[in-house]
Colleague: 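Can you read through this structure? Questions will come right after.
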Protein chains: 2
Amino acid sequence: MFGVTGCKGGKKLFCKLTDNRSTTLTKKQQAIEDREYELLVIAKALVVEEGFANLTMDKIAAASPYSKGTIYNHFTSKEDVISALGSQALLHEISLFRRAQTYDGLSREKVVAMHVAYHLFARIEPILSMCVLTSRTPWVIEKTSPERLAYINRLEEELVAITDAIFARGLSSHDLTLPEGMTTDSIIFANWSMAFGSNALINNAANSSCVARILQSQSILMNINIMLDGMGWLPLSSEHDYQQVWQHIEEDIFSDEVAYIATLKR
Amino acid sequence: MFGVTGCKGGKKLFCKLTDNRSTTLTKKQQAIEDREYELLVIAKALVVEEGFANLTMDKIAAASPYSKGTIYNHFTSKEDVISALGSQALLHEISLFRRAQTYDGLSREKVVAMHVAYHLFARIEPILSMCVLTSRTPWVIEKTSPERLAYINRLEEELVAITDAIFARGLSSHDLTLPEGMTTDSIIFANWSMAFGSNALINNAANSSCVARILQSQSILMNINIMLDGMGWLPLSSEHDYQQVWQHIEEDIFSDEVAYIATLKR
DNA sequence: ACCTGAACACCGTTCAAGT
DNA sequence: ACCTGAACACCGTTCAAGT
């Protein structure tokens, strides 16, 4: 349904993956962006097939209609390709977070919607998710172009801005009262840490019998409940069935994504 | 004071870095282990000097008294070296966690002590900390020897066993009552996620203006307070000055480490 | 101005020879 | 049995030539 190359009827639900949102591009610039997207699709497919360890620039060139030199016009190094895939992931996350924001519910339910989005993304795009983790690594960062690092920063700030809006709503609705010494930033940091940490560990469950043993189906929601309860964000998990909220969010906002994940399992 | 090679009076405070704890080794096995440790010290120093991107097997060999072939007797690949450094990190963390357990205080204070240990480790050994993050990456895992992956798993399980003991104490002292649907495992997972996530993001602050902006000095403790409050672990942060507890832990248990970090800042 | 792919150089990795 | 380092092979990266 949402294959590597396929887009549902041009709606670009899953394909808004380049940064052509605010600026109008010349035809040539657009062509270059399209080619970069094309190359990244190829790179991702290669990783799916042969793993990160076997990804080579040669293979990317061979699997594309372009030459090695052209690949290097887009990416300064192999690691830069991974970072570019990571930035695609962020772009996709941004669009999912935007969608999560539209969930019609209490402020805390909107936060849960954001975490649903984050978790679904990790399942829809496991490879891109890995790229986000990998691209946070000095190994990769050190060989990523400064331009792309700056771009990743911009995307991250955009993500933070979206979450910021949701947290502001919690405050204005008085569902959340900032505990002493806490700021909106620290709330964002707590959410980000928990989401990133849970996700990173779960991604590695396949490699770590230890993590796999700890893991249960609802451990993500549990972590989020613990955290939001700790902030005193109303209604508390003891008073409200967030498991059901999670399901409603999946059905109302992310039904396409859930359906897609179901096809993956087969 | 605790330099790369130096150990304080043979006490091996910082140097218990190989897995020779339960088994007695022959003289030859011991020599091989010592050499592996020697090589890892060299590798770490090279990363400090020239970064991860410039680490090569040639340089490790050149900086050591051994040949390339011997390096490959210890490590199956360059990535295997990174994983080996990651396992050193885990070994060091285990010893710090053991020490954290000795803090004489309430059950929740002991949990804080563990997080202090984790945080101090990240500051004492930033490179090894990065190696833990990097070695959780498919890029590195795919080229790590199965034996080392199994070893890392063993170490992780040991870490979990230590934290398990602390959480059991919380339950037996009735400071912690498991909320419905929660198990000890989910408590461990929440703590691990939060600690790993916070740490990973902070490690990357240097590269991400976004994270740097969010960060404040006490954001780690704040995250932990939120999480433990959310579990209802008594006494709550509103009733107890955990900032002061953090300081006491640093003074009572980790004064050497704190002093060492102070020397780094200069 | 951009693309090409042969050529280069730099490692990662191996293995025959040595001890 | 283990160590050595020359040799190999495989990329990552560049750049002179082509369009």
Side-chain angles (χ1 to χ4, degrees), chain A residues 25-40 42-43 46-47 49-85 134-135 137 139-148, chain B residues 25-40 42-43 46-47 49-85 134-135 137 139-148:
Chain A
L25 300 173
T26 66
K27 217 170 184 177
K28 180 172 276 180
Q29 282 175 314
Q30 185 57 56
I32 289 172
E33 278 214 1
D34 287 348
R35 191 171 56 193
E36 181 147 331
Y37 175 65
E38 194 186 343
L39 290 172
L40 288 174
I42 290 168
L46 283 171
V47 172
E49 283 157 31
E50 313 182 34
F52 283 89
N54 295 310
L55 181 70
T56 72
M57 297 301 257
D58 260 319
K59 285 181 189 170
I60 296 175
S64 80
Y66 312 108
S67 70
K68 270 178 149 191
T70 299
I71 312 291
Y72 275 88
N73 274 348
H74 287 276
F75 312 104
T76 60
S77 68
K78 183 181 159 184
E79 285 75 10
D80 203 40
V81 175
I82 301 298
S83 292
L85 287 171
T134 308
S135 69
T137 266
W139 189 297
V140 171
I141 289 171
E142 289 173 9
K143 299 199 79 182
T144 298
S145 69
E147 293 75 25
R148 201 175 304 278
Chain B
L25 301 172
T26 66
K27 216 170 185 177
K28 179 172 278 182
Q29 282 174 315
Q30 185 57 54
I32 290 173
E33 278 214 2
D34 287 348
R35 193 172 56 192
E36 181 147 331
Y37 175 65
E38 194 186 346
L39 289 172
L40 288 174
I42 290 168
L46 283 171
V47 172
E49 283 156 32
E50 312 181 35
F52 283 89
N54 295 310
L55 181 69
T56 71
M57 297 301 258
D58 259 318
K59 285 182 189 169
I60 296 175
S64 79
Y66 313 107
S67 70
K68 271 177 145 191
T70 299
I71 312 290
Y72 274 89
N73 274 348
H74 287 275
F75 311 105
T76 59
S77 68
K78 185 181 158 184
E79 285 75 11
D80 203 39
V81 175
I82 301 299
S83 291
L85 287 170
T134 308
S135 69
T137 265
W139 190 298
V140 171
I141 289 172
E142 289 173 8
K143 300 199 79 180
T144 298
S145 69
E147 293 74 26
R148 202 174 304 278

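Worth saying up front: this structure is predicted, and the values here are computed from it rather than measured. Reminder, nothing fancy here: chain letters follow the sequence lines and each chain counts from 1.
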Colleague: Name the nucleic acid region contacted by T56(A), choosing base, sugar-phosphate or nothing; use a 4.0 angstrom heavy-atom cut-off, strictly under.
Modeller: sugar-phosphate
Colleague: Quantified in whole Å, what is the C1' atom distance between nucleotide dC15(C) and nucleotide dT19(C)?
Modeller: 16 Å
Colleague: For S145(B) and T76(B), which I'm curious about, is there any donor-acceptor pair between the side chains at under 3.5 Å?
Modeller: no
Colleague: Whole-Å distance between dG5(C) P and M57(A) CE?
Modeller: 16 Å
Colleague: Taking CD from Q29(A) and P from dC2(C), how many angstroms apart are they, rounded to a whole number?
Modeller: 10 Å
Colleague: Please give, in whole Å, the distance from dA7(D) P to D58(B) CG?
Modeller: 15 Å
Colleague: Sub-3.5 Å donor-acceptor pair from the side chain of S77(A) to the main-chain atoms of K143(A), do we have one?
Modeller: yes
Colleague: Can you check the I60(B) CD1 to dT13(C) P distance for me, whole Å?
Modeller: 11 Å
Colleague: Could you tell me how far apart Y66(B) (OH) and dC2(D) (P) are, to the nearest whole angstrom?
Modeller: 15 Å
Colleague: For R35(A) and dC2(C), is the shortest distance between a side-chain N/O and OP1 or OP2 below 4.0 Å?
Modeller: no
Colleague: Do E38(B) and Y66(B) come close enough that some side-chain heavy atom pair is under 4.5 Å?
Modeller: yes
Colleague: Counting only side-chain N and O atoms of T70(B), is one of them less than 4.0 Å from OP1 or OP2 of dT4(D)?
Modeller: yes
Colleague: Taking the P atom of each, how far is dC3(D) from dA7(D), in whole Å?
Modeller: 22 Å
Colleague: Taking OP1 and OP2 of dC10(C), is either one under 4.0 Å from a side-chain nitrogen or oxygen of K59(B)?
Modeller: no
Colleague: Do the non-hydrogen side-chain atoms of S64(B) and I71(B) ever get within less than 4.5 Å of each other?
Modeller: yes
Colleague: Searching all strands shown, indicate the nucleotide that pairs with dC2(C) (Watson-Crick or G-U wobble; both distances under 3.5 Å).
Modeller: dG18(D)
Colleague: Can you measure Y72(B) atom OH to dA7(D) atom P for me and round it to whole angstrom units?
Modeller: 18 Å
Colleague: Could you check if a side-chain atom of N54(B) sits within less than 4.5 angstrom of a side-chain atom of K59(B), using non-hydrogen atoms only?
Modeller: yes
Colleague: Contact class for I32(B) (heavy atom, under 4.0 Å): base, sugar-phosphate, or nothing?
Modeller: nothing
Colleague: dT4(D), dG5(C), dC2(D): which one has an atom nearest the side-chain heavy atoms of S67(B)?
Modeller: dT4(D)
Colleague: Please name the pair of heavy atoms, one in W139(B) and one in E79(A), separated by the smallest distance, quoted to 0.1 Å.
Modeller: CZ2-OE2, 3.8 Å
Colleague: Can you tell me if the side-chain N/O atoms of K78(B) get under 4.0 Å from OP1 or OP2 in dC11(D)?
Modeller: no
Colleague: How close or far is atom C1' of dC10(D) from atom CG of L55(A), stated in whole angstroms?
Modeller: 15 Å
Colleague: For dT13(C), does the base pair up with any side-chain atom of K68(B) as donor and acceptor (N or O, under 3.5 Å, distance only)?
Modeller: yes
Colleague: Across all strands, who's sitting opposite dG12(D) as a Watson-Crick or G-U wobble pair, both distances under 3.5 Å?
Modeller: dC8(C)
Colleague: Side chain of N73(B), heavy atoms from C-beta onward: which of dC11(C), dC3(D), dT13(D) has the nearest atom to it?
Modeller: dC3(D)
Colleague: When the distance from CZ of F75(A) to P of dG12(D) is rounded to whole Å, what number comes out?
Modeller: 14 Å
Colleague: Mind checking I71(A) for me? I need base, sugar-phosphate or nothing, with any heavy atom below 4.0 Å counting as a touch.
Modeller: nothing
